[in-house]
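A, B, ... follow the sequence lines: proteins, then strands. Residue 1 opens every chain.
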Number of protein chains: 4
Amino acid sequence: MKEFDKKEAIYDAMLEMIAKYGFHNSPMSELAQKANVAAGTIYHHFKSKDEIICALFVRQKNKLNEVLFKNDDPAKSYKDRFRSFYFHLYEHFTKNPKEFTFLEQFVNSPFIQKMNKDDLHALDQPVYDFLRKAIFTQSLRDLSPKIMTALIMGSTSAIIKLSLSGEYQFSPSDLEAAFLTCWDGIKKV
Amino acid sequence: MKEFDKKEAIYDAMLEMIAKYGFHNSPMSELAQKANVAAGTIYHHFKSKDEIICALFVRQKNKLNEVLFKNDDPAKSYKDRFRSFYFHLYEHFTKNPKEFTFLEQFVNSPFIQKMNKDDLHALDQPVYDFLRKAIFTQSLRDLSPKIMTALIMGSTSAIIKLSLSGEYQFSPSDLEAAFLTCWDGIKKV
Amino acid sequence: MKEFDKKEAIYDAMLEMIAKYGFHNSPMSELAQKANVAAGTIYHHFKSKDEIICALFVRQKNKLNEVLFKNDDPAKSYKDRFRSFYFHLYEHFTKNPKEFTFLEQFVNSPFIQKMNKDDLHALDQPVYDFLRKAIFTQSLRDLSPKIMTALIMGSTSAIIKLSLSGEYQFSPSDLEAAFLTCWDGIKKV
Amino acid sequence: MKEFDKKEAIYDAMLEMIAKYGFHNSPMSELAQKANVAAGTIYHHFKSKDEIICALFVRQKNKLNEVLFKNDDPAKSYKDRFRSFYFHLYEHFTKNPKEFTFLEQFVNSPFIQKMNKDDLHALDQPVYDFLRKAIFTQSLRDLSPKIMTALIMGSTSAIIKLSLSGEYQFSPSDLEAAFLTCWDGIKKV
DNA sequence: TATGAATGAGATTTCATTCAT
DNA sequence: GATGAATGAAATCTCATTCAT
């Protein structure tokens with residue numbers, strides 16, 4: 001097995017455990033078992049448990065950016081492009097709840113403060129750029145891209161969280177309504 | 001010191017620790033020190049660490065409802081009343097960041113799943129009720145109150161998080177713009 | 001069992017282990033067993049393994065000073081007093097080889113550099129003072145007390161080490177000769 | 001790189017690490033790094049970590065004997081020859097503190113007991129022989145060569161240790177006085 | 001009720017050594 | 001012989017919880 005595979009196995013196992021059990025209750029011994037490696041091997045690839053968790057966050061954020069922009073078509077209207085992001089995000093995370101749960105746990109924990117500010121910013125750059133252009137071309141309300149990102153991602157995450165919790169079953173028309181509520185708020189009037 | 005005071009001291013100490021260091025890295029021994037009680041005393045008031053954390057969540061949610069509805073005036077328009085909620089929330093949490101950070105950490109962690117569904121629902125009831133009435137009276141878009149709560153609280157939380165992170169300094173007009181973005185999305189057209 | 005007893009039990013167990021097996025090969029788990037306490041109890045009294053070792057050194061140095069000056073009689077000549085020290089030291093350490101072996105291991109290891117310089121100096125103060133007075137009264141050669149302490153303690157330790165190693169069996173006259181060799185070197189001519 | 005070079009590189013790296021950090025805190029992985037060899041390579045040349053340490057001791061003792069007797073001139077008086085040894089030793093070790101620190105650590109640790117008695121004796125033979133002849137020719141006090149070696153090496157080591165610790169700055173006259181103190185003790189009266 | 005020393009299971013991490021390449 | 005990723009036993013240390021006072 002190549003180094004690449006082991007690191008990936010460690011990432012996958014950690015993602016699953018943290019999503020299920022949280023940072024605590026995710027001991028390294030079980031991580032080793034789930035990743036099918038020896039405990040010591042983990043420390044050959046990472047300096048500490050915290051380092052794994054932070055590196056995993058970066059990995060997942062990059063994966064997320066790939067997902068978001070996979071089928072983006074700059075020829076389309078901003079509304080259509082945004083709509084595509086919205087539904088992609090929803091679909092991806094409802095199909096991969098572990099990724100969502102991990103990311104939300106991470107950004108709401110003290111871990112996020114251990115991250116380098118510039119690195120964090122770079123991970124959000126693709127989204128910022130998209131929104132900046134949309135604002136510049138008068139497609140979106142004149143608002144700081146940071147605030148707009150917060151508003152959009154905040155409400156979208158809440159929708160996904162509600163869906164994953166099982167508290168509410170989203171029909172396609174529910175989702176469309178949620179999307180429009182968001183869009184009507186941010187669009188240029 | 002009365003029993004009441006000790007419980008409160010324990011709650012306050014736990015809130016501060018978890019906000020700063022997370023659920024892990026908040027050992028009971030330090031909790032005892034910060035709350036100025038003996039380790040054993042904590043176990044006279046609570047069965048376990050988990051119980052403290054869950055009870056603390058309930059305490060903070062109730063406090064939050066009090067804050068939200070403190071100055072609500074049903075005679076006013078729904079827009080004004082909602083505006084008041086929005087600004088109250090922002091002010092309260094930017095002045096009490098520990099409370100916000102704790103709540104966000106809790107609801108995004110596996111702890112939330114240990115809570116009784118009905119209890120959870122009851123804690124959100126005041127907000128649901130307000131929104132349900134607003135929808136019924138055609139002040140707000142026709143959307144499930146659950147979805148609407150998610151959209152509103154999600155975007156509001158994101159704004160507060162952005163502000164607390166220090167990444168963006170909100171001016172009064174920024175906050176007004178954020179409020180309007182939210183309102184324009186949810187209002188009945 | 002009182003706190004005092006547990007700390008002492010830990011010290012005694014550590015002394016024995018290190019003397020026999022060295023700093024490495026003296027695991028905390030065995031220390032707990034030998035001291036008849038739980039592993040966690042050790043950390044109730046000490047911050048770390050290193051702290052125990054350093055505190056143990058201080059304890060042993062103080063014990064040693066007590067031994068050295070126990071029967072000192074300032075009315076006697078410096079030669080007689082020094083002779084008494086020499087034989088006391090030899091007897092004490094040949095009867096308590098663990099104490100000797102621990103001290104020698106410690107002062108020759110990197111641990112000694114972790115100690116505070118002033119604390120170290122204070123532990124040697126009684127011996128310095130004795131020698132300073134002896135030099136001042138022209139009983140001993142005019143030499144810095146630090147150098148003289150080094151010369152005396154170095155040769156004495158070497159004699160004890162030789163004796164403990166079993167490589168050489170000291171007769172009373174051997175010891176007397178060793179003492180005189182030392183004395184003839186340091187006395188004022 | 002020849003096998004010879006690798007072994008030497010391993011020895012040098014181990015010497016430095018142990019002098020700085022002690023036997024514990026000198027892991028094989030770092031040894032490999034410092035010696036610029038792979039971890040596995042070390043095990044082609046040595047059976048175990050302990051074997052390296054013991055072999056290193058033998059290497060350093062032999063080096064030391066070379067240094068001691070490098071410029072010995074049997075035509076000179078025993079006092080002059082001994083004086084030469086004394087100053088050579090001091091100079092060599094103050095210039096190569098790692099060698100001194102390693103040797104002192106080794107002989108004061110349980111490692112010394114793992115060594116073969118005869119091998120150990122052989123390493124000290126040159127010094128024993130010199131002293132035996134000096135005693136036989138009535139240049140030195142009539143004392144067992146073992147005791148005399150202990151007295152001399154013990155006090156000399158203590159002087160070097162004091163100098164290396166930085167606690168005392170030796171002037172040439174300090175060193176001369178220390179030498180004379182030793183010589184006056186051992187010389188035949 | 002209150003205390004805080006004591007517990008011991010279990011957490012994270014280290015490290016000497018092996019072995020497939 | 002040389003490599004260095006992998007191993008897993010064992011090391012240090014943590015911490016929720018208990019219990020004698």
Separation of [N] [atom2] from [X] [atom1] (nearest whole Å):
X: A/Ile52; N: E/dA11; atom1: CD1; atom2: C1'; answer: 13 Å
X: D/Tyr21; N: E/dC15; atom1: OH; atom2: P; answer: 13 Å
X: B/Ile10; N: F/dT17; atom1: CD1; atom2: P; answer: 13 Å
X: C/His24; N: F/dA10; atom1: NE2; atom2: P; answer: 16 Å
X: D/Met17; N: E/dA16; atom1: CE; atom2: C1'; answer: 13 Å
X: C/Asp5; N: E/dA5; atom1: CG; atom2: C1'; answer: 13 Å
X: B/Phe23; N: E/dA11; atom1: CZ; atom2: P; answer: 19 Å
X: A/Gln33; N: E/dG10; atom1: CD; atom2: C1'; answer: 14 Å

Looking only at the side chain of [X] (C-beta and beyond, no hydrogens), which of the listed nucleotides [options] gets closest?
X: D/His44; options: F/dT3, F/dC13, F/dA16; result: F/dT3
X: A/Ala38; options: F/dT7, E/dT17, F/dA11; result: F/dT7
X: B/Lys6; options: E/dT12, E/dA2, E/dA9; result: E/dA2
X: B/Asn25; options: F/dT7, F/dT12, F/dC15; result: F/dC15
X: D/Lys49; options: F/dA6, F/dC15, E/dA16; result: E/dA16

Can you list the residues that meet the salt bridge (charged side-chain N to carboxylate O under 4.0 Å, His left out) rule with D/Lys49, with sequence neighbours excluded?
->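 If we apply the salt bridge (charged side-chain N to carboxylate O under 4.0 Å, His left out) test to D/Lys49, skipping adjacent residues, there are no hits.
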With D/Lys61 via salt bridge (charged side-chain N to carboxylate O under 4.0 Å, His left out) - residues at least two apart |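 Residues passing salt bridge (charged side-chain N to carboxylate O under 4.0 Å, His left out) with D/Lys61: D/Asp124.
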Hey, which of these two, A/Ile42 or B/Ala39, hits DNA chain F nearer its 5' end, going by closest nucleotide?
-> A/Ile42
Would one find a side-chain N or O of [X] under 4.0 angstrom from OP1 or OP2 of [N]?
X: A/Tyr43; N: E/dT13; value: yes
X: B/Thr41; N: E/dT1; value: no
X: D/His45; N: F/dA2; value: yes

Could you say whether C/Gly40 or A/Ser29 is positioned toward the 5' end of DNA chain E, judged by the nucleotide with the nearest heavy atom to each?
->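 The residue closer to the strand's 5' end, by nearest nucleotide, is C/Gly40.
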Hey, which sits more toward the 5' end of DNA chain E by its nearest nucleotide, A/Glu30 or D/Glu30?
->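 That would be A/Glu30.
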Which dot-bracket string describes DNA chain E (Watson-Crick N1-N3 plus N6-O4 or O6-N4, or G-U N1-O2 and O6-N3, all under 3.5 Å; [ ] crossing; | other strand)?
-> .||||||||||||||||||||
How close do C/Met14 and C/Leu31 get, heavy atom to heavy atom, and via which atoms?
-> N-CD1, 3.4 Å
Heavy-atom pair with the smallest gap, counting every atom of B/Ala19 and A/Pro110 = O-CG, 4.3 Å
Going by heavy atoms in the side chains, are C/Leu123 and C/Leu64 under 4.5 Å from each other?
-> no
Is any side-chain heavy atom of A/Gln60 closer than 4.5 Å to a side-chain heavy atom of A/Lys98?
->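 With C-beta onward as the side chain, the pair stays apart.
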Using 30° and 60° as the class limits, which term best fits the ring planes of D/Phe106 and D/Phe23: parallel, tilted or perpendicular?
-> perpendicular
Look at the aromatic rings of B/Phe46 and B/Tyr11 and report parallel, tilted or perpendicular, splitting at 30° and 60°.
->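 Perpendicular: the ring planes of B/Phe46 and B/Tyr11 meet at over 60°.
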Which is true for B/Met28 with a 4.0 Å heavy-atom rule: it touches a base, it touches only sugar-phosphate, or it touches nothing?
-> base
